[in-house]
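Reading through the structure tokens given below for one structure.
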Amino acid sequence: FQFYGRKLVFKFFNGHGSQSNEILGGGQALAAADALKVATGIKAFGDMSAGTEPYADALSRDKVMNFGVPYMSQRWFEQRAPYSWSIATDCTGVSQAVAQVGVRQLAGKKAVFAGSDLAGQTRKFATIAPDNPWYQECVQNGTNIYKRAGKAVPLNVPYQLNLATLANQAASIISKLKANHITTVVCGCDPILPVYLTQRADEQNYFPEWAVVGVALTDQDIVGQLFDQAEWAHATGVTYQGPTLPYQATLGYAAYKAVRSDEPAHLVNLIYSQMYMMALGIQLAGPDLTPANFERGMRSYPGGTGEFGTWGFPVDHFTPTIDGAEIYWDPNAISAYNGKKGAYITASR
């Protein structure tokens, strides 16, 4: 990279905010205090740990570049431009892609990938997503696509992002889906809830089609292997990542091993891709590094396809995703990532 004589310096500090509280929509005061320290105490150009909406919002208000807030809507990013960026696909794009596939290819047809007594029934959809307002905005966006197409609106099943209650919530959700004769479950979920959902569904002999929407690592082999395999054998959907590589052949792993001799955590590629995006913007901003020039530089990025999918930053896009691939789960396939059974197979791109 060309940083025009600069070096990236990362400073760590102990924040007072609670990520778990912020994910649930609380903790704004402490998030704001942490953001103020970053802006006026550390005087940072950017923050790589902006993993929640309240913290990213506070950093944006303090005019600090921030990276990592997951799956906000395109409108959310536009309102905080040019400060907030993320490698996680904005949920406007996710909801549009999923709803358009549902309307054009699936609605009104038989649930051919369902099991048990659901097999062959006319599809009836449900969407599961966190109850936070910023995620429900994107659920509503998908609902509107169904309405405009004159199709039956999917049943909306919100849940609370609370690890302590996910198991109990899963039992209630599965009972509701089964009672409503849902054949096709669009799971805009965190990576833990499907562990419980698939367990409860299997216990109730309920085998719907599971629709993978490419969020929160649910499209990755290492996460799909955690789900009930009898259930996940009925999973199809989309990923925005590139081809699955062996863990030790990934870019993040190579970067880590270039400077350390121990083994990195499995999240190393998630961290690396976010740092890579930030480095792109700093290089493309040119010698005069400002938030406005960072955005202008990102718009000039020519794009490309690789390990992290196909990237580009057209106007009004603050996440890199510009295409995806259709995938399905094969419980008997051997994953290239870790050599274990269970892998996503790419059907088309």
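- A side-chain donor-acceptor contact under 3.5 Å links Gln140 and Asn144.
- Closest approach of Pro194 and Cys187 over heavy atoms only: CG-SG, 4.0 Å.
- Other residues, nucleotides and ligands place more than 12 heavy atoms under 6.0 Å from the CZ atom of Phe10.
- Using modelled atom types and a 3.5 Å distance limit, the side chains of Glu53 and Trp76 yield a donor-acceptor pair.
- Using a 4.0 Å cut-off between charged nitrogen and carboxylate oxygen, Arg200 and Glu203 count as a salt-bridge pair.
- Between Gln204 and Ser175 the shortest heavy-atom distance is NE2-OG, 3.7 Å.
- Under the rule for a side-chain contact (heavy atoms from CB on, under 4.5 Å), Ser172 has no partner lying at least two apart in sequence or in another chain.
- Residues Val9 and Leu289 do not share a hydrophobic cluster, clusters being chains of Ile/Leu/Val/Met/Phe/Trp/Tyr side chains in contact below 4.5 Å.
- A continuous path of ILVMFWY side-chain contacts below 4.5 Å connects Ile192 to Leu177, so both sit in one hydrophobic cluster.
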Side-chain donor-acceptor pairs of residues 97-105 under 3.5 Å, sequence neighbours excluded:
none

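- Looking at Glu231, its side chain never comes within 3.5 Å of a backbone N or O of Val195 through a donor-acceptor pair.
- Shown are Phe67, Tyr55, Tyr83; of these, the side-chain contact (heavy atoms from CB on, under 4.5 Å) with Asp47 is made only by Tyr55.
- Formation of a donor-acceptor pair under 3.5 Å by the Asn132 side chain with backbone atoms of Trp134 is not found in this model.
- Using modelled atom types, one side-chain atom of Gln169 and one backbone atom of Gln160 make a donor-acceptor pair closer than 3.5 Å.
- With Thr92 contributing its side chain and Gln74 its backbone, the two residues share a donor-acceptor pair below 3.5 Å.
- Judged by distance alone, with hydrogens and angles left aside, the side-chain atoms of Glu326 form no donor-acceptor pair with the main-chain N or O of Ala347 at under 3.5 Å.
- Side-chain polar atoms of Thr127 and Asn156 form no donor-acceptor pair below 3.5 angstrom.
- Counting non-hydrogen atoms of neighbouring residues, nucleotides and ligands closer than 6.0 angstrom, the NZ atom of Lys257 exceeds 12 such neighbours.
- Criterion: ILVMFWY side-chain heavy atoms under 4.5 Å apart, direct or through other members. Under it, Tyr344 and Leu270 are part of a common hydrophobic cluster.
- Considering every non-hydrogen atom in both Pro158 and Asp131, the closest pair reads CB-CB, 3.9 Å.
- No side-chain donor from either of Asp228 and Thr198 sits under 3.5 Å from a side-chain acceptor of the other.
- Checked options Phe313, Tyr301, Trp85; the residue passing with Phe294 is Trp85 (criterion: ring-ring contact (aromatic ring centres under 6.0 Å, His included)).
- Side-chain atoms of Tyr253 and Glu263 include a donor-acceptor pair closer than 3.5 Å.
- Side-chain atoms of Arg299 come within 3.5 Å of backbone atoms of His317 as a donor-acceptor pair (strictly under, hydrogens ignored).
- For the residue pair Asp262 / Tyr256, a side-chain donor-acceptor distance below 3.5 Å is found, with atom types taken as modelled.
- Among all heavy-atom pairs drawn from Tyr247 and Ala265, the shortest one is OH-O, 3.2 Å.
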